[in-house]
Number of protein chains: 2
Amino acid sequence: MTQTSDTTSYKDIKRTVLRRIRSGEWQPESLLPNEQELAVEFSCTRTTVNRALRELADEGFLERRRKAGTRVLSAPQRQARFTIPLVRDEIEAMGGTYRYALVSTETQPAPDWLGARLALRPDQSVMHVRCMHFSGNTPFQFEDRWIVIDSVPQVVQADFSGTGPNDWLVQTVPFTNVELTFLASRADAALAGFLDVSEGEPVFTAERITWLEGQPVTFAKMYFAAGYRMTTEF
Amino acid sequence: MTQTSDTTSYKDIKRTVLRRIRSGEWQPESLLPNEQELAVEFSCTRTTVNRALRELADEGFLERRRKAGTRVLSAPQRQARFTIPLVRDEIEAMGGTYRYALVSTETQPAPDWLGARLALRPDQSVMHVRCMHFSGNTPFQFEDRWIVIDSVPQVVQADFSGTGPNDWLVQTVPFTNVELTFLASRADAALAGFLDVSEGEPVFTAERITWLEGQPVTFAKMYFAAGYRMTTEF
DNA sequence: AATTCCATTTTGTATAGACTTTAAATTTTT
DNA sequence: AAAAATTTAAAGTCTATACAAAATGGAATT
């Protein structure tokens, strides 16, 4: 048999299954018919049903277990997917002109809090880089970053006067794991100066820790200018 | 042929491809061999290669276009996936005891800013619900929510004195689209009182707009207590 | 009554092959 | 030279089938 216009596609099945869940025909926690039965219902192969259900499970609507079958999740665990763009791309996408400025670089032993956060040995040292990202002449983001020298030895020769450490790292070091945190922090005097806001103002902040195969590579705090909103649709 | 222990699995292919990208063997922007060629290399069918590459594209490492082929993305668009839990689950997962308190409910014409945000007609009215979520006796989240009555007529008979509007909505109305925004806001006097912080303190805030097939259902602002961190790993 | 073992069910993944759709590249026409 | 039509290469999807792996539930054993 072949794929003609009247063939049931895995997308049709996804749609139908979603509709049945939404309409209440398939209640939360209830078990779906198995793949073979659905294949008969939709007149297609089990392969096609499998793909549809697999994707719906991946999207957080269903839970699947071998032998136990497929069931509807009671609270659909829908996941918001944030694509974190490079600052430059983000600014240019808004029609701004990206401008970068290095504030300071310093090589030093890792401070205690950082050592604890990244599970560093007491003797490991880090490069501390602070820099600003502007949209035109408006401050957009202040970046406070630490790079683990043992994990990225080349960093000692890197020149961050013209390129941001993030751009450099993305080009230079691959990573395997990331921890990303969003929080609201309070602008201290220094930060207020950088971002051109009053001291004490709320600042949307992202923290990012990056590892390569278990090795900590870098820790970054990114402070966004007033009014920043991190948005996604799903 | 059949799936024996020496069979190449799509997971092996994913690993190998990722390794080649990380090692620089396959440079950013460069074109991968086509599926047929890779199938020969890995001694498997094109189907298997297809699944591996499809998933890697979905995860943001590759870009695929028919006829044009598959290429390595220069800045891997890795996506952070946040699963937004129900407040109750979040509190209980931390070992706290969930407690809920209704602050106010009111039915009113939609304020202008809300009408604009949700594309409401001028005559549409909304139910405004304000409530608190506690972990034990500690304030955890203040929720400020508007529900579009035309989209959820049953809401006028709902009783939010014991159950939060979010729990009720999740049980009652399906949704198809969500816009989620994170930002940092400043505690005004009222909010400071609810969350037990000083006026002016930064407050991590999430805004969520929910639609059902294009119809706006609800707009919610969720203000989190001091120190809240929204974290994910990927 | 508890534990271990085993059969069975259901999803997971692979093969081989074919047709479909998209869009880049080429050729033809204007 | 530009625009339109055609070719074609690559990914996209489906069928049909087979074996694999996990986990459940019951049977056998302790």
Side-chain angles (χ1 to χ4, degrees), chain A residues 1-18 20-21 26-73 76-77, chain B residues 1-18 20-21 26-73 76-77:
Chain A
M1 200 71 45
T2 148
Q3 180 184 356
T4 57
S5 52
D6 63 323
T7 303
T8 308
S9 86
Y10 79 97
K11 286 182 182 171
D12 294 334
I13 299 177
K14 285 180 74 174
R15 253 194 301 278
T16 304
V17 169
L18 265 185
R20 288 184 187 171
I21 293 173
W26 286 344
Q27 290 286 320
E29 295 299 309
S30 70
L31 219 55
L32 266 61
N34 70 35
E35 293 185 344
Q36 190 50 62
E37 290 165 337
L38 289 174
V40 170
E41 184 196 331
F42 291 113
S43 329
C44 65
T45 55
R46 190 169 75 82
T47 316
T48 301
V49 173
N50 179 275
R51 176 157 184 195
L53 297 188
R54 180 156 40 82
E55 292 195 1
L56 285 171
D58 198 52
E59 289 161 25
F61 294 103
L62 301 174
E63 188 201 22
R64 320 193 73 201
R65 287 211 320 286
R66 284 169 167 165
K67 164 82 185 184
T70 303
R71 57 179 66 243
V72 180
L73 281 177
Q77 296 290 313
Chain B
M1 200 72 41
T2 149
Q3 179 181 356
T4 58
S5 51
D6 64 322
T7 301
T8 307
S9 86
Y10 80 96
K11 285 181 182 170
D12 295 333
I13 299 178
K14 284 180 75 173
R15 254 193 302 278
T16 304
V17 169
L18 265 184
R20 289 185 187 172
I21 294 173
W26 286 345
Q27 290 285 321
E29 295 299 310
S30 71
L31 220 54
L32 267 61
N34 71 35
E35 292 185 347
Q36 190 50 61
E37 290 165 338
L38 288 173
V40 171
E41 183 196 332
F42 292 113
S43 327
C44 65
T45 54
R46 190 168 76 83
T47 315
T48 302
V49 173
N50 180 276
R51 176 158 181 195
L53 298 189
R54 179 156 42 82
E55 291 195 1
L56 285 172
D58 199 51
E59 290 161 24
F61 294 103
L62 301 174
E63 188 202 22
R64 319 191 75 203
R65 287 213 320 286
R66 285 169 167 166
K67 163 84 184 184
T70 302
R71 55 179 67 243
V72 180
L73 281 178
Q77 296 290 313

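Below, chains carry the letters A, B, ... as their sequence lines are ordered, and counting in each starts from 1. The analysis underlying the following values was restricted to heavy atoms, covering all of them including side chains, and did not include hydrogens, waters or symmetry mates.
- Distance B:F42 CZ to C:dA14 P: 13 Å, rounded to the nearest Å.
- Among B:T45, B:N50, B:T47, the single residue meeting the side-chain hydrogen bond (donor to acceptor under 3.5 Å, both in side chains) criterion with B:E35 is B:N50.
- One finds a side-chain N or O of A:Y10 lying less than 4.0 angstrom from the OP1 or OP2 phosphate oxygen of D:dT13.
- Spacing between atom CG of A:L31 and atom C1' of C:dT11 amounts to 12 Å, rounded to whole angstrom units.
- Closest approach of A:V72 and A:Q27 over heavy atoms only: CB-O, 3.5 Å.
- Between B:Q36 atom CD and C:dA18 atom C1' the separation is 13 Å, expressed in whole Å.
- At C:dT22, none of the side-chain N or O atoms of B:R65 fall inside 4.0 Å of OP1 or OP2 (strictly under the cut-off).
- The distance from atom CZ of A:R71 to atom P of D:dA23 is 15 Å, rounded to the nearest whole Å.
- Using a 4.0 Å cut-off, no side-chain N or O of B:R66 falls inside it from OP1 or OP2 of C:dA24.
- In this structure, the CZ atom of A:R54 is 12 Å from the P atom of D:dC14, given to the nearest Å.
- Taking only side-chain nitrogens and oxygens, A:T48 never comes nearer than 4.0 Å to OP1 or OP2 of D:dT13.
- Atoms CD and CG, on B:E63 and B:L32 in that order, are 12.0 Å from each other to the nearest 0.5 Å.
- When the side-chain nitrogen and oxygen atoms of A:T45 are compared with OP1 and OP2 of D:dT17, none of them lie within a distance under 4.0 Å.
- Contact between A:S9 and A:T48 at its shortest, heavy atoms only, is C-CG2, 4.2 Å.
- Neither OP1 nor OP2 of C:dT11 sits under 4.0 Å from any side-chain N or O of A:N50.
- Between B:C44 and A:A68, the one whose closest nucleotide on DNA chain C sits nearer the 5' end is A:A68.
- An OP1 or OP2 oxygen of D:dT13 is reached within less than 4.0 angstrom by a side-chain nitrogen or oxygen of A:R51.
- If you check every strand for non-hydrogen atoms under 4.0 Å, B:T70 touches sugar and phosphate atoms only.
- Taking each heavy atom of B:L38 and B:P33 in turn, the nearest pair found is CD1-O, 3.6 Å.
- A sub-4.0 Å separation between OP1 or OP2 of C:dT13 and a side-chain N or O of B:T47 is absent.
- For the pair A:F42 and A:T16, the minimum side-chain heavy-atom distance is below 4.5 Å.
- One atom, CD of A:E63, and another, P of C:dT10, lie 16 Å apart when rounded to the nearest Å.
- For the pair B:D12 CG and D:dA20 P, the interatomic distance rounds to 16 Å; values are reported in whole Å.
- Atom CG of B:N34 is separated from atom P of C:dT22 by 20 Å (rounded to the nearest Å).
- Residue contacts shown for A:R46 include a base, since a base heavy atom lies under 4.0 Å away.
- A close approach under 4.0 Å does not occur between any side-chain nitrogen or oxygen of A:K67 and OP1 or OP2 of C:dG12.
- For the OP1/OP2 pair of C:dG12 and a distance below 4.0 Å, the side-chain nitrogens and oxygens of B:K11 include no atom meeting the criterion.
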